Amino acid sequence: MEKDFILILDFGSQYSHLIARRIRDLGVYTLLYHYNDISISYLISKKPKGIILSGGPFSVYKKNSPLISKDIFHINIPIFGVCYGMQLISFLFGGEIKKSKYKEYGKSYLIIDHPNNSLFNGIPNKSIVWMSHFDEVKNVPKEFEIIGHTSSCHIAAFSHTNKNIYAVQFHPEVKNTEYGISMLKNFVFHICKCDSNWKLNNFVQKKINDIKKRVNKKKVVLGFSGGVDSFVTAYIIHKAIGDSLYCIFVDTGLLLKNEKEKVSFLCKKMHFNIKIIDAKNRFLSKLVGIVDPEMKRKVIGEEFIYVFQEESKKIKNVEFLAQGTIYSDVIESSVFSKNLINSSIKSHHNVGGLPKSLMKLKLIEPLKELFKDEVRKIGEKLGLPKEILYRHPFPGPGLSIRIIGEINEKKIFLLKEAEDILLQELKKHNIYKCVNQAFIILLPVRSVGIKGDKRTYEYAAILRVINTEDFMTATFSHLSYDFLEKVSIRITNEVDGINRIAYDITSKPPSTIEWE
Ligand code: XMP
């Protein structure tokens with residue numbers, strides 16, 4: 001069955017992924033394309049039922065700002081512009097765009113001027129919307145009419161008088177826009193007439209059948225990290241080909257406390273064919289003297305590939321390499337992220353190129369089309385333990401980027417112990433699942449303290465606990481002082497070598513989630 005789908009042209013907004021996810025949550029498949037990656041003829045050949053032009057950090061009237069061909073308005077596919085997308089539509093139809101008097105970020109009240117407009121079906125005349133813009137449409141182009149305004153934005157929504165073209169200045173995809181989901185629903189179901197036929201159940205069975213057919217008694221290796229993506233990937237491939245799947249788990253020595261044992265236990269339970277490689281000493285010796293965070297990432301990435309290659313060579317007749325790539329990895333490695341907006345703030349997310357010898361293997365990436373929450377839903381349906389599915393993400397370079405400056409065995413030990421206490425307490429108090437990532441940073445700073453009757457001179461550590469929807473932005477979690485005190489007491493009492501704890505109360509931006 002062909003899936004109805006909505007194509008999103010990405011102009012670089014931090015919220016573009018969210019639009020795609022929200023619509024998938026409605027049961028309609030979405031694909032995100034960098035605005036410049038797709039020609040109008042290719043776009044038509046993909047047969048989307050609707051097109052969304054995303055937001056973006058540009059000004060349409062500036063030189064070299066991203067534009068699209070006007071032909072897009074003549075192919076008879078409904079279009080919905082969001083923020084920059086709205087300004088773009090207006091600009092291409094000859095409307096006037098100007099810098100707003102005031103930059104507008106945050107809450108506003110939308111007043112609907114045309115309650116009968118299909119985009120506003122079932123939505124009250126006044127509701128909260130979330131704005132984030134510095135330009136605005138000053139005059140609507142001829143064929144358009146204003147359908148909504150706010151107190152400071154005279155044209156907050158408009159639509160074409162006889163074509164299916166709609167646009168809003170605010171962000172319907174963010175949760176703070178009270179009826180944002182209803183607007184997306186109206187666009188997708190009423191205007192684009194999509195069927196809700198994106199079903200994860202069918203997806204899994206289809207993947208299993210495809211893999212069975214494609215692999216056909218050959219062997220597959222998988223770099224197994226113990227995270228949710230690699231567990232679900234392994235599960236699907238294992239269902240298809242059983243023990244012809246070889247999972248390779250590399251213990252870098254930079255993992256959480258008892259991680260190797262936990263992974264080994266769970267893999268045995270699932271009957272995965274797993275090879276656990278103890279490469280602690282190799283990694284540690286390569287990291288001696290390195291303080292630069294990007295250098296740490298590079299060294300660890302390279303060493304990982306060496307170890308993985310050595311191990312996979314030991315398995316005969318391997319023809320396929322499986323990876324737990326998910327859709328956000330694919331988008332993040334796209335031209336946009338590389339060249340424009342998210343230009344290498346940190347070189348992470350495991351999307352670097354593969355070495356030549358591994359490139360000879362054919363790739364299997366069963367989760368490539370899915371967002372993280374969809375992977376979790378599949379995992380739940382397959383009956384994977386919650387403990388795996390709802391684990392916080394853990395970075396590839398592991399604890400190395402949580403030890404500021406030079407790494408050594410002692411510091412790794414201290415950090416493992418301290419982080420384990422934090423995670424235990426979060427779970428014990430039922431906070432773990434309410435926050436999205438929690439860890440500790442070990443500073444290269446020692447301070448004077450007193451334990452028992454003895455003066456100490458030990459390391460200071462930072463607690464970092466954050467809430468986020470997409471890890472692109474985040475706020476620190478507002479944990480109670482009582483809880484923070486409990487964790488601080490436990491760590492300073494139980495970990496010999498840490499005598500001072502502070503809580504990081506910065507958000508992202510301006511900080512990042514990790515410290516390195
Ligand atoms: P930042 O620190 O960039 O982190 O705000 C955003 C998310 O990415 C994770 N992260 C990494 N993941 N390799 C990874 O696989 C890395 O080098 C890396 N650096 C950061 C971080 O833990 C957070 O979830």
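All values below come from the heavy atoms of this structure, side chains included, with hydrogens, waters and symmetry mates left out. Everything quoted here is computed from the prediction, not taken from an experiment. Indexing begins at 1, ligand by ligand and atom by atom, following the structure's order.
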Derivation of the side-chain contact (heavy atoms from CB on, under 4.5 Å) call for W130 and K107: CA-CA 5 Å; W130 203 253; K107 185 169 157 179; 3.8 Å; yes

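- With ligand atoms numbered from 1 in the order given, ligand 1 contributes 1 (P), 2 (O), 5 (O) to contacts under 4.0 Å with heavy atoms of T512.
- Looking only at atom types and distance, the side chain of N467 has no donor-acceptor partner in the side chain of T475 under 3.5 Å away.
- Interface of K508 with ligand 1, defined as ligand atoms under 4.0 Å from a residue heavy atom, comprises 1 (P), 3 (O), 5 (O), 6 (C).
- Checked by atom type, the side-chain pair N436/T468 shows no donor-acceptor distance below 3.5 Å.
- Taking the centre and axis of the six-membered ring of F231, the NZ or CZ atom of R391 falls outside the cone set by 45° and 6.0 Å.
- Atoms of ligand 1 lying under 4.0 Å from at least one heavy atom of P397, given by number and element, are 13 (N), 16 (C), 17 (O).
- Annotation: P393 places no N or O atom under 3.5 Å from an N or O atom of ligand 1; distance criterion only.
- The distance from ligand 1 to the heavy atoms of F471 drops below 4.0 Å at these ligand atoms: 6 (C), 24 (O).
- With sequence neighbours excluded, the residues that form a side chain to side chain contact (heavy atoms under 4.5 Å, CB included) with D482 are S480, E485.
- For ligand 1, the polar-atom distance check against R402 finds no nitrogen or oxygen pair separated by under 3.5 Å.
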